[in-house]
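Just so it is clear, the model here is predicted, and its values are computed rather than measured.
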Amino acid sequence: MVKLLIVDDEPIERDGMQAILQKNYPDFEFRQAKNGKLAVEIAEDWNPDWIFMDIMMPGMTGLEAIEQIQRSNEEVQFVMVTAFDMFDYARQAIKLGVKDYLLKPSKASEIVATVGKLLEQQRQKEQESAVRRQEQDAFQRALSIVETDVVTQLLFDHVHEVHIDMLVEMLEIQSENEQFVLTVLIPEGGEEAYSKIKENIRRQGNAWVGALYGRQLPIIVFREAGTSFRSQAIKLAKEILDISKQHSQEDWFVGIGIECSSLEEIRNSYQKSLIATMDLGIPSKYRFYSDVPVLDKESDAAFIKQQEKKLFDYVRQGEWECIDQIVLDLIRRFEQQEANVLLAQQRALEVLWIASRVMEEMGVEAAAPYYPVQAQDYRQLSAETRQLLEGMKQLYESHCGRLEVDKIHQIKQYIREHSHEDISLDTLARRVDLSPIYISKMFKEKLGVNYIEFLTVCRMERAKKLLADPQKSLKEISIDVGYHEPNYFSKVFKKMYEMSPKEYRKTLLGIKEE
């Protein structure tokens, strides 16, 4: 319903205009004001949509009233009503944003026509707002996919150089700040909390939330200026754990990795955050990697760090003999140093834990490994470790044996046919029933390119065909090939072909003319 305020110092003018408008627009709500001061008061309390304002009134003029009303309500639309057709008034009214004017005495048809124009302008404005909302909603959905994919690529694979700088720009975070990773362990049945965590993080605007794989949810956090690393991490960890309380679940845990100076080093923080989740029994339910008990010797710490790095690659490649050797060599090293067997068991468990996490990333359903009892000596520790390794190996080989030969073909075909849609790793995973991270690895290893590179090539090839049609605008082509932001589309196109879409179109159309 439109709320219309009629302001005029002559009652007969106010009543006459209201009678005309009520007859033609019975759904409108009307009020009247006899001077500019009263109009300001009514506008502040009633918040009208339109005001028909007489310009020449005693006391506060109509133009002065318009200026005051606009300070508190920029959306209200004004129509100037005056008996004087003077240029100075019109010029000042235009500056104040007056939409139209009526010259007194006005014919009924003129008043009705003026309102008709305002209604049409309002309808167009609402349509434009609806389109903008739809575009913004589509962009936000695409942005959410971008965010989870960027986290996945940074932690488990790589982001192609064509995308990383622009994606960071789209996500509007100063990536030159230090970063660290939080890994949240969410118990079975807690998946519905994922959206709440993401919503909470999005409001703060200082982190990227990855996809939920199994029990683990990785979050890349960017350091806030003026806030210490520990205080920022603890605050965020507590907020996440508060969400767990809303779901009456107590088995959540947050592991906090180390600080990194660049995104290229972020995998190291992620690996350390996994190690920090080793001991789930501590009361605080969060733990920094730096609080994990340190080794007695620097040489031991350097050795384990080196072995951890090798382990990630060996698990992904399925080199189980090498994995066995790493873990058992570690145990023998502690035995030779006559270290406490419980310390050796803890370190061996950390290494096994890392291996199981990598398997999870690949889509292998593997429960976290645990020793059934505390080892009494190194012989018992070695025997039980071999049993755990054998169980993990069987799960890995069983998973790989179930994979079909044509998975890559299915994925490529799906990307080609749906390249104009918002395709994420999760979308592909559901399509072929594989882990998103495993798909990313498999795609890169089998085809030598990242899935985003392949998707981008498909989109750009489609764009080149569409650019041959001079009737299609760049914005239409951008949306047709799957980009909601035309500027981003142009940047990607230029990065790939060393010319902008406009330049390519000119070249293409020039060749056709020849």
Side-chain angles (χ1 to χ4, degrees), residues 147-148 150-156 159 164-165 167-169 171-186 193-194 196-212 215-245 252-295 298 301-302 304-306 308-309 312 346-347 350 353-354 357:
E147 181 178 332
T148 54
V150 166
V151 173
T152 300
Q153 298 292 308
L154 284 171
L155 298 186
F156 310 122
V159 178
I164 184 61
D165 293 336
L167 293 181
V168 169
E169 182 182 338
L171 293 171
E172 297 180 345
I173 285 185
Q174 299 298 317
S175 63
E176 64 268 17
N177 295 347
E178 292 178 326
Q179 308 101 33
F180 60 93
V181 174
L182 290 182
T183 294
V184 186
L185 297 189
I186 300 177
Y194 173 74
K196 290 188 178 180
I197 294 175
K198 192 154 190 171
E199 182 181 340
N200 182 68
I201 297 292
R202 181 60 61 83
R203 280 199 305 268
Q204 298 186 43
N206 62 352
W208 298 338
V209 182
L212 179 61
R215 287 189 60 199
Q216 81 182 56
L217 174 63
I219 303 172
I220 298 177
V221 186
F222 294 82
R223 283 290 312 281
E224 292 177 349
T227 305
S228 72
F229 161 54
R230 290 189 72 90
S231 61
Q232 182 182 353
I234 290 172
K235 177 176 178 290
L236 184 53
K238 287 183 175 179
E239 289 176 359
I240 292 171
L241 292 170
D242 283 342
I243 293 175
S244 74
K245 293 174 184 176
W252 289 45
F253 196 90
V254 180
I256 305 168
I258 60 174
E259 291 179 281
C260 299
S261 59
S262 69
L263 288 173
E264 285 74 21
E265 303 169 9
I266 201 66
R267 283 193 216 179
N268 188 27
S269 181
Y270 167 65
Q271 294 167 19
K272 297 300 185 283
S273 72
L274 292 180
I275 295 173
T277 63
M278 285 287 302
D279 184 4
L280 306 182
I282 61 177
S284 64
K285 294 300 181 183
Y286 63 84
R287 191 186 201 187
F288 289 84
Y289 171 78
S290 57
D291 293 340
V292 174
V294 296
L295 298 173
E298 289 185 11
I304 289 185
K305 185 174 182 180
Q306 183 183 31
E308 286 174 0
K309 188 176 180 181
F312 272 81
Q346 180 185 353
R347 295 308 175 195
E350 288 179 4
W353 190 281
I354 292 174
R357 288 292 191 221

Enquirer: Ile219 pairs by side-chain contact (heavy atoms from CB on, under 4.5 Å) with which of Thr183, Val181, Val254, Val184?
Expert: Val184
Enquirer: Ring of Phe288, cation from Arg230 - is the NZ or CZ under 6.0 Å from the centre and inside 45° of the axis?
Expert: yes
Enquirer: Going by heavy atoms in the side chains, are Phe222 and Trp208 under 4.5 Å from each other?
Expert: yes
Enquirer: What distance do Lys238 atom NZ and Ile243 atom CD1 have between them, rounded to the nearest 0.5 Å?
Expert: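 Answer rounded to 0.5 Å: 15.0 Å.
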Enquirer: Between Ile186 and Tyr194, is the side-chain contact (heavy atoms from CB on, under 4.5 Å) condition met? List the steps.
Expert: CA-CA 9 Å; Ile186 300 177; Tyr194 173 74; 5.6 Å; no
Enquirer: Once you round to the nearest 0.5 Å, how far does CD of Gln179 lie from CZ of Arg223?
Expert: 10.5 Å
Enquirer: Working to the nearest 0.5 Å, report the span between NZ of Lys196 and CG of Asp242.
Expert: 12.0 Å
Enquirer: Got Ile266 and Ile220 here, is their nearest side-chain heavy-atom distance under 4.5 Å?
Expert: yes
Enquirer: Is there a donor-acceptor pair closer than 3.5 Å between any side-chain N or O of Ser269 and the backbone N or O of Ile258?
Expert: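 Yes, because the side chain of Ser269 sits within donor-acceptor range (under 3.5 Å) of the backbone of Ile258.
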Enquirer: Taking the side chain as everything from C-beta on, heavy atoms only, tell me whether Ile240 gets closer than 4.5 Å to Trp252.
Expert: yes
Enquirer: Any chance you could measure Phe180, atom CZ, to Glu259, atom CD, to the nearest 0.5 Å?
Expert: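 Taking CZ in Phe180 and CD in Glu259, the distance rounds to 7.5 Å.
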Enquirer: Verify whether the ring centers belonging to Tyr286 and Phe253 lie closer than 6.0 Å.
Expert: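 Judged by ring-centre distance (under 6.0 Å), Tyr286 and Phe253 do not meet the cut-off.
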Enquirer: How long is the gap from CD on Glu178 to CD on Glu265, to the nearest 0.5 Å?
Expert: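 Answer for the CD-CD pair, Glu178 versus Glu265, is 10.0 Å.
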Enquirer: So if I apply the side-chain contact (heavy atoms from CB on, under 4.5 Å) rule between Leu182 and each of Val221, Val209, Ile201, which one comes out positive?
Expert: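 The passing option is Val221.
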Enquirer: Of all the heavy-atom pairs spanning Ala276 and Gly255, show the shortest one and how long it is.
Expert: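 Where Ala276 meets Gly255 most closely, the heavy atoms are CB-CA, 3.9 Å.
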Enquirer: Are side-chain N/O atoms of Gln216 and Tyr270 paired as donor and acceptor at under 3.5 Å?
Expert: yes
Enquirer: How close do Gly257 and Ser273 get, heavy atom to heavy atom, and via which atoms?
Expert: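 Nearest heavy atoms, Gly257 then Ser273: N-CB, 3.5 Å.
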Enquirer: Report the residues that fulfil side chain to side chain contact (heavy atoms under 4.5 Å, CB included) with Gln204, sequence neighbours left out, ordered by chain and then residue number.
Expert: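 Only Asn200, Asn206, Lys235, Leu236, Glu239 meet the side chain to side chain contact (heavy atoms under 4.5 Å, CB included) criterion with Gln204.
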